[in-house]
Structure formats: structure tokens, C-alpha cells
Amino acid sequence: MQNRLQKLKQEIFDKLAEIKHLDVLRDLEVKYLGRKGEFTKILRCLKDLTIQEKKEIGKLANEIKKDLQEKFEEVKNVITKNVIKREKLDVTLPGEKIEKGHLHPITIIQNELEDLFISMGFMVLDGPELESDYYNFEALNIPKHHPARDMQDTFYIDKKNKKQEYDLVMRTHTSPVQVRAMQKYGAPLRCVVPGKVFRNEALDACHEHTFYQLEGLMIDENISISNLIAVMKKLLNGIFKKEMETRVRPGYFPFVEPGIELDIKCAICNGKGCPSCKNSGWLELFPAGMVHPNVLIAGNIDPKKYSGFAFGLGLTRLIMMKYGINDIRLFNSGDLRFLEQF
Ligand code: DAH
């Protein structure tokens, strides 16, 4: 029995000398010292011995067990220290470069414009992209079957609004928020509405199905078209940081009377004519006008007391002008070669 114990001790010590991994050490500990382990098995046989033998061998067995436990602990400490040594971090090594994203060019300009309008006392508002036929057309003085509906190629949705009164459309412009804002805030009112709009366009360098507009609306007593032109000029200077050549033409939009188009000289070809300006040298940038009395009435505002102007800035187009981008499809392309330039 004594021999068996001594032999086992030596066997375990030999094995421990070769161990380099903690999990192997743990397995070994279970194999020999665990409840069903070899060492425990031997101790169980003690019960068959005489009292004298039990005394002697029991003492020896306890000593060996203690030695083994201490040896296991010692090996464990050595392995742990080695692991820590191996895993030491060199904090002086250069870090890995993490690529940072940045704002989309449309967001950059939108933020700039919001700041500019806030400085002139305008609120920045939002509106639903899935809009009812009522706000998108009817409240803007474009009744059903009015030919002006053909000016905007509309994505109709085959569902109606909650009250089942009106068809739903993907909003074709940001103008529906005009009436929503009037109903919510009343007059006087100054707001801009940047946002995404949708049209069923045949795609080319200057037409996209999804693009951005910025609607502007100002209502108060005695507002005239000169207020409109002043605000537009201020806006253009703010964006281009230089005097832009502009021209004003009459324009037709059912929700304004009179309606105008403010064009800027095409910055891509400098007025010579190119695909972006349909070879005209000019770009329609600001359709605008004095808010039609029917629209004020839809917004619960008294047209005898108040007047206002509205404009619908083509945000995407404006950015194309500012940076000389010649294809509108680049904005939604997700092409990093394009996006990383901003
Ligand atoms: N909503 C029009 C469009 O997308 C643009 C527009 C024209 C907006 C005149 C206005 C406006 O506010 O007064 O075609």
C-alpha cells in the first residue's frame, strides 16, 4: 500500500513537470485527486486494514495528498504567470486606423440651410413621406382630374388613409406640409420643411425617383413678393458665398398666385448649355409665389387679413450646382468614391 502510494505520487509529479496548459492541469487534478480519482480509490481501501496499519498508512496518505495539492497549486501559478507574460500588451505599438463615416452631402447642405433659416426666425418642420391625396394635392388647390396633377408623376399606394377618405401617395413635393403647418400653428407663421420626395421619373442625369426639396413658407400681414425675393437672395448668398446670376420668370403652380420661377445660371457649364441644364444655360431652382387664398383657407387662415409667400427649393439640384455634380443618380448610389469627396 505504501509502495502504491509512493509510486502514484512519483507518477503524478512526473506528469506535472510536463504540463503547460491550465486545462490539462485541471484534467489531471480530477483524474488523480477527484472524488473518483486514483488517489481517492487507494484511500478507500484503508478501511480493510488493521487499526495500526490505518494509523501509519493514513498519515502517509494525508502527507502525500497535501504534497500533491501544494504541487498542483505551484504548477498552476507558474502556468498563469507564463500566460500573462505571453499576453503582455505593447502599448507603444501604433493603433489600428478605424475608418470614420461622415455626413452625406445632402445632409451637410440641409444643416447649413436650417441654420440660415433659423437665424431668420423660421421653424424647421417635418411631414409624412406617405401622404394623403388631400394634403399632397387637394388642399393645395389641385382637385382631382385637374391637369396640374400631370405635372408630377405620382406613386399612388393602393391603400387609403386611416379614415378611409383619401388615397395615399408617396409625397411628390414638400408643399403638403404648408397646409399641415398652417392648421397646426396658424398665422403669423415662418417655417421651412426639408425632406425627401418621390416621383415616378424616367431616370437620367437630372431625374431621380427620390430626391430632396426644401419648402419655405412665410405668412403674416402685408407680406409681398419683394419679401420673397429678399429671402431667396439671402439664401443664395448663404449657400454659394458669392453673388449668383439669377432671373425671374412667371411660373404656374396652382397653390400660388402669382407664381414665379427663379432660375440661376448653370454653374456646371457657366451658362453655355449642358445636359444638367437641358442645354439652356439656366437652372430652375426656386419655384415660388404668393400663397393662393384657397390654400390659406384650407389651412384655416383668413386670406383677407393675411398673405404669404412660399417656395420649393430643389435641394438636390442646388447641391449639384454648388459642387458641380453632373449626375443626380450619384447621390443615392452609395458609391464611396463619390461620397468620400465631401
Ligand atoms: N411643390 C412644387 C414642386 O415640387 C414646387 C413649388 C412651387 C413649391 C411653388 C412652392 C411654390 O412652395 O410656391 O413642383
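We count ligands from 1, going down the list as the structure has it; atoms in each ligand are counted the same way. Since the model is a prediction, treat every value here as computed from it, not as a measurement.
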Exercise for the section: Classify the angle between the aromatic ring planes of Phe255 and Phe253 as parallel (below 30°), tilted (30 to 60°) or perpendicular (above 60°). Expected result: tilted

Handout entry: From CG (Leu203) to CD1 (Ile328), nearest 0.5 Å
Key =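 Between atom CG of Leu203 and atom CD1 of Ile328 there are 9.5 Å.
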
Exercise for the section: Output the distance between atom CD1 (Ile142) and atom CD (Gln152), rounded to the nearest 0.5 Å. Expected result: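 It is 6.0 Å, given to the nearest 0.5 Å.
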
Handout entry: Single-linkage hydrophobic cluster, 4.5 Å side-chain cutoff, Phe286 and Leu116 together
Key = yes

Exercise for the section: Following the transitive rule for hydrophobic clusters with a side-chain heavy-atom cut-off under 4.5 Å over Ile, Leu, Val, Met, Phe, Trp and Tyr, establish whether Tyr252 and Leu313 coincide in one cluster. Expected result: no

Near [X], which atoms of ligand 1 are under 4.0 Å from a heavy atom of that residue?
X      : answer
Gln152 : 3 (C), 4 (O), 14 (O)
Ala288 : 9 (C), 11 (C), 13 (O)
Gln178 : 12 (O)
Gly289 : 13 (O)
Val256 : 13 (O)
Gln213 : 3 (C), 4 (O)

Exercise for the section: Return yes or no for this condition: an N or O of Thr172 is under 3.5 Å from an N or O of ligand 1. Expected result: no

Handout entry: Ala310 N/O under 3.5 Å from ligand 1 N/O
Key = yes

Handout entry: Geometric cation-pi criterion, Arg171 with Phe198: 6.0 Å, 45°
Key = no

Fill in the blank from the handout: Nearest non-hydrogen contact to atom 12 (O) of ligand 1 from the set Glu215, Glu284, His292, His173 belongs to Glu215

Exercise for the section: Counting heavy atoms only, name the option from Phe211, Phe286, Phe309, Phe255 that's nearest to atom 6 (C) of ligand 1. Expected result: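 Residue with the shortest heavy-atom distance to the ligand atom: Phe255.
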
Practice task
Considering heavy atoms of the protein only, find what lies nearest to atom 7 (C) of ligand 1 and give residue, atom and distance to 0.1 Å.
Solution key: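 Going atom by atom, the protein heavy atom closest to atom 7 (C) of ligand 1 ends up being Pro287 CB, 3.4 Å.
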
Handout entry: Sub-4.0 Å heavy-atom contact, Arg199 with ligand 1
Key = yes

Practice task
Give a yes-or-no answer on whether the side chains of Gln52 and Glu56 include a donor-acceptor pair shorter than 3.5 Å.
Solution key: yes

Exercise for the section: Among Asn332, Ile319, Asn111, find the one that has a side-chain contact (heavy atoms from CB on, under 4.5 Å) with Ile106. Expected result: Ile319

